[in-house]
Peer 1: 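First, the structure itself, so that you have it in front of you.
For clarity, every value in this text was computed on a predicted model and none was experimentally measured. First the proteins, then the strands, lettered A, B, ... as listed; each starts at 1.
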There are 2 protein chains.
Amino acid sequence: MTGPRPETGEKTGSMPNASAPEMLEAKLWGNPCPFAFRLNYLALLYNTPLYEWIRDSYGLSRPEYVVLYSLALADGGSARDVSRTSGFPKNTLSRAIKRLELMGLISPREKAPGGGRKQALHLSRKGWALFEETRPAFEAQEQRMLTALSEGERQILSELMSKVVLAAREWAGELPAETRLVTPGEEQQ
Amino acid sequence: MTGPRPETGEKTGSMPNASAPEMLEAKLWGNPCPFAFRLNYLALLYNTPLYEWIRDSYGLSRPEYVVLYSLALADGGSARDVSRTSGFPKNTLSRAIKRLELMGLISPREKAPGGGRKQALHLSRKGWALFEETRPAFEAQEQRMLTALSEGERQILSELMSKVVLAAREWAGELPAETRLVTPGEEQQ
DNA sequence: TCGGTCAAGTTCAATTTGGAACTCAGAAGT
DNA sequence: ACTTCTGAGTTCCAAATTGAACTTGACCGA
């Protein structure tokens with residue numbers, strides 16, 4: 001998604017502070033898709049330092065941690081469930097799950113090798129411990145992100161975004177045909 | 001973002017429709033970071049079909065199109081500006097820019113090879129044409145995404161998100177030390 | 001019960017990605 | 001003017017990502 005990056009201050013450039021003010025202003029105020037930009041930009045600023053930290057401190061990749069987190073919220077979920085709710089392709093998750101199992105963070109799936117249908121995944125005690133240990137950092141980052149808003153504003157923001165999410169089946173998925181067909185010259189390259 | 005995915009309906013699993021209701025419900029209503037989840041989920045649902053379409057129709061990768069789009073909004077910006085406002089690492093963008101130049105979508109940078117300091121980038125006529133041709137699809141997707149909201153609600157949503165973005169320098173960047181130090185066992189793996 | 005269809009999960013291979021090291025142009029300091 | 005410092009952009013290469021094909025269990029209808 002999306003997103004990837006820095007740490008000590010100058011690796012990728014996702015640092016919000018200092019400069020790039022021109023382009024940032026343009027993307028904020030002169031953007032034909034202002035909402036989409038805010039979405040992506042905030043997601044980036046939120047995710048980047050957290051997953052960087054997870055990687056450096058625990059040696060877990062982003063998809064791996066996403067699986068852990070997903071199972072902590074919905075124990076017994078399948079790889080497919082995680083894929084649907086996180087956007088990672090299923091083969092990436094397959095590998096992530098295998099490694100989590102190897103690391104002892106997911107309890108071993110009985111009978112599976114070969115590719116069975118719908119496997120319910122469960123965190124091991126160690127997996128739960130890791131989740132509990134790391135959760136506060138995610139919560140803290142969310143709180144930090146929202147400090148600019150009052151309690152009431154957060155309420156409203158949450159409500160509006162929920163509305164958009166709940167209507168997702170109406171708008172997400174494939175692009176409408178008319179949109180796609182705007183392009184006469186398909187298939188170059 | 002980071003982000004990536006489906007098309008004909010069953011490639012990655014980011015399809016919002018049909019199933020995974022359990023886990024989706026849990027992530028929506030039982031999440032310690034509800035705002036962050038909505039952010040990521042919406043960004044995913046928005047980006048995925050668009051960049052899929054860009055790739056299939058124009059042969060441009062996501063970072064490549066991001067550079068194009070960024071320059072369309074802020075002509076004369078540098079690679080670093082794009083990196084700061086998009087989150088892609090600079091080497092990825094360096095490659096993207098090189099290819100865009102090769103494809104004739106970016107006007108050739110005079111004197112550069114070797115690595116000069118701060119190069120102002122400009123779209124070529126062809127680059128502008130491609131942007132204008134593809135922009136409607138992005139706008140349409142944003143509109144589709146917001147259909148669930150009234151005009152007033154969109155106004156409020158935009159305002160609240162802007163607030164959070166503008167306060168970014170306060171909260172984004174490195175994780176606060178206390179948060180990081182929660183972990184006693186650093187450096188495994 | 002058999003054959004057919006579907007989809008979850010895996011494997012493989014080719015591409016893409018991004019961390020690290022490097023080059024080098026301006027800026028800063030003396 | 002000379003040296004040092006800073007940081008934008010590039011190159012390299014190991015690692016991660018993912019599209020495509022495959023395997024296999026589950027479900028369905030006759």
Peer 1: Considering only side-chain heavy atoms of A:Lys98, which listed nucleotide, D:dA8, C:dT11, C:dG9, is closest?
Peer 2: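 Comparing D:dA8, C:dT11, C:dG9 against the side chain of A:Lys98, the answer is C:dT11.
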Peer 1: Can you tell which of C:dG9, D:dA8, C:dC12 lies closest to the side chain of B:Arg80?
Peer 2: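 Nearest to the side chain of B:Arg80 among the choices is D:dA8.
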Peer 1: Spell out yes or no: do the side chain of B:Asn91 and the base of D:dG9 have one donor N/O and one acceptor N/O closer than 3.5 Å?
Peer 2: no
Peer 1: Quick one: salt bridge (charged side-chain N to carboxylate O under 4.0 Å, His left out) pairs with a partner in residues 152-163 of chain B, sequence neighbours left out?
Peer 2: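 Every pair satisfying salt bridge (charged side-chain N to carboxylate O under 4.0 Å, His left out) with a residue in residues 152-163 of chain B: A:Glu153-B:Lys163, A:Lys163-B:Glu153.
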Peer 1: Do B:Ser94 and B:Asn91 have side-chain N/O donor and acceptor atoms under 3.5 Å apart?
Peer 2: no
Peer 1: Looking across every strand, which nucleic acid part, if any, lies under 4.0 Å from A:Ser78 by heavy atom: base, sugar-phosphate, or nothing?
Peer 2: sugar-phosphate
Peer 1: Could you tell me which residues satisfy salt bridge (Lys or Arg N to Asp or Glu O under 4.0 Å) with B:Glu101, sequence neighbours excluded, listed by chain and number?
Peer 2: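 Scan of B:Glu101 (salt bridge (Lys or Arg N to Asp or Glu O under 4.0 Å), adjacent residues dropped) gives B:Arg109.
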Peer 1: Looking only at side-chain atoms of A:Ser94, point me to the closest of C:dG18, D:dT17, C:dT11.
Peer 2: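 Out of C:dG18, D:dT17, C:dT11, the nucleotide with an atom closest to A:Ser94's side chain is C:dT11.
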Peer 1: Confirm from the modelled atom types if B:Arg109 and D:dG9 form a donor-acceptor pair under 3.5 Å, side chain to base only.
Peer 2: no
Peer 1: Please determine, for the side chain of A:Pro63, which listed nucleotide (D:dT17, C:dG9, D:dG9) has the closest atom?
Peer 2: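 For the A:Pro63 side chain, the nearest candidate turns out to be D:dT17.
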Peer 1: Between the axis at one end of the helix from C:dT1-D:dA30 to C:dT30-D:dA1 and the axis at the other (five pairs apiece), what's the angle to 10 degrees?
Peer 2: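 Axis angle across the helix from C:dT1-D:dA30 to C:dT30-D:dA1, nearest 10°: 40°.
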Peer 1: Which residues satisfy the side-chain contact (heavy atoms from CB on, under 4.5 Å) test with B:Ala72, sequence neighbours excluded?
Peer 2: B:Leu123, B:Trp128, B:Phe131
Peer 1: Tell me every residue that passes ring pair (Phe, Tyr, Trp, His ring centres under 6.0 Å) with A:Tyr65, counting only those two or more places apart in sequence or in another chain.
Peer 2: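 Here the qualifying residues are A:Phe138.
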Peer 1: Residues in ring pair (Phe, Tyr, Trp, His ring centres under 6.0 Å) with A:Tyr46, at least two apart?
Peer 2: none
